[in-house]
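Please read the structure below before turning to the comments.
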Number of protein chains: 2
Amino acid sequence: MKWSELSDNWCPVARTLSVVGDRWTLLILRDAYLGKSKFEEFAESSGMTRHILAERLKRLVEEGVLERRLYSSAPKRYNYVLTDKGEELRPALRIMKDWGKKHMPVRREAKA
Amino acid sequence: MKWSELSDNWCPVARTLSVVGDRWTLLILRDAYLGKSKFEEFAESSGMTRHILAERLKRLVEEGVLERRLYSSAPKRYNYVLTDKGEELRPALRIMKDWGKKHMPVRREAKA
DNA sequence: TTCCCTGCGTTTTGTTTTGGAACTTATTGC
DNA sequence: GCAATAAGTTCCAAAACAAAACGCAGGGAA
């Protein structure tokens, strides 16, 4: 089965994952919960490539998890802010944060 | 940044996602929470290829989320059961289930 | 007015991962 | 011997990805 066919799965968990279950999307949400909203902020913080970031942001906007908002008209600049729908996933990330702290100690020092 | 470098990230969410944040792993956990434990059960329920399933199960065992257990010695058969560590992610899946029910209605009928 | 800078992406070029299907191994039952 | 079952493994083409360069619209400095 292809990943893209998951959005109409009978299982609500599967449908949720069809939006946020890929490699980088939940990391974007993490940054959004931390208050980040600009393309460059996401790019730097998460370490993902700009290519992938652009694609994921577009998808999250299409799905109504983020909203693309003009915050400067000249030059035109957009940022990405959480919708109510997006906010409602915050508790899931909190659980993952606690789980990571408890079960996934850092083995070697990472820079930043 | 490569996905594999995430396991030593400063952020506990990122470290958690380095284990369960890929396309299919959380679907395996969903099935485990529903009581499934055998390779064939996971394969059929999730619709993922056996190839990927085998890889993900191996990783989950390595990370201590599942335990590989001999349940038949002749012929040798193994199944996969949740550890305490694995159980502790259940609440995150529950949030995703509720979110999916609320925000991701099924658009067309999918077969099982 | 020529040049560099910032913010936000897009394109290009290889590498890695994935999907799909067939194959393997060990054992039981017919 | 022959099919069935369970748990993987192997192969190849297709898709996704990483890294880095490029594009573009304005701003500011020289």
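Protein chains get the first letters and strands the later ones, always in sequence-line order, with residue 1 at the start of each. From a predicted model like this one, the values you see are computed outputs, not experimental measurements.
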With no hydrogens and no angle check, is any side-chain donor or acceptor of [X] less than 3.5 Å from a backbone partner on [Y]?
X       : Y       : answer
A:Thr83 : A:Val65 : yes
B:Thr16 : B:Pro12 : yes
A:Trp99 : B:Lys85 : yes
A:Thr25 : A:Gly21 : no
A:Tyr80 : A:Glu67 : no

Please state how far atom [atom1] in [X] lies from atom [atom2] in [N], giving the value in whole angstrom units.
X       : N      : atom1 : atom2 : answer
B:Phe39 : D:dA7  : CZ    : P     : 8 Å
B:His51 : D:dG8  : NE2   : C1'   : 12 Å
B:Glu40 : D:dT9  : CD    : C1'   : 13 Å
B:Lys38 : D:dT5  : NZ    : P     : 13 Å
B:Leu70 : C:dT27 : CG    : P     : 12 Å
B:Glu55 : C:dT16 : CD    : C1'   : 11 Å
A:Trp3  : C:dT18 : CH2   : C1'   : 12 Å
B:Leu53 : D:dG8  : CG    : P     : 9 Å

Checking all strands, does [X] fall into the base, sugar-phosphate, or nothing category for heavy-atom contacts under 4.0 angstrom?
X       : answer
B:Met48 : nothing
B:Arg69 : nothing
A:Glu44 : nothing

- request: On DNA chain C, check which nucleotide each of B:Lys2 and A:Met1 is closest to and give me the residue with the more 5' one.
  value: B:Lys2
Whichever of B:Thr49 and A:Leu57 has its nearest DNA chain C nucleotide further upstream toward 5': A:Leu57
query: Which residues within residues 71-80 of chain B lie with some heavy atom under 4.0 Å of an atom in DNA chain C?
result: B:Ala74, B:Pro75, B:Arg77
- prompt: B:Val81: which other cluster members, linking ILVMFWY side chains closer than 4.5 Å, directly or transitively?
  reply: none
B:Glu41 or A:Ile52, whichever maps to the more 5' nucleotide of DNA chain D: B:Glu41
statement: So the salt bridge (charged side-chain N to carboxylate O under 4.0 Å, His left out) pairs with at least one residue in residues 40-56 of chain A (sequence neighbours excluded) are A:Asp22-A:Arg56, A:Glu40-A:Arg50
query: Is there a path of hydrophobic side-chain contacts, each under 4.5 Å between heavy atoms of I, L, V, M, F, W or Y residues, that connects A:Trp3 with A:Met48?
result: yes
task: Mind running a 4.0 Å heavy-atom check of residues 17-34 of chain B against DNA chain D and sending the residues that fall below it, in number order?
output: B:Arg23
Please output the side-chain donor-acceptor pairs of residues 70-79 of chain B that fall under 3.5 Å, not counting sequence neighbours, one pair per line with the distance.
| residue | atom | partner | partner atom | Å |
| --- | --- | --- | --- | --- |
| B:Ser72 | OG | B:Pro75 | O | 2.8 |
| B:Asn79 | ND2 | B:Ser37 | OG | 3.3 |

task: Please confirm whether any donor atom in the side chain of B:Arg50 sits under 3.5 Å from an acceptor in the base of C:dA21, or the reverse.
output: no
side-chain hydrogen bond (donor to acceptor under 3.5 Å, both in side chains) partners of B:Lys102, counting only residues at least two apart: A:Glu88
query: Is the distance from OP1 or OP2 of C:dG9 to the nearest side-chain N or O of A:Arg56 less than 4.0 Å?
result: no
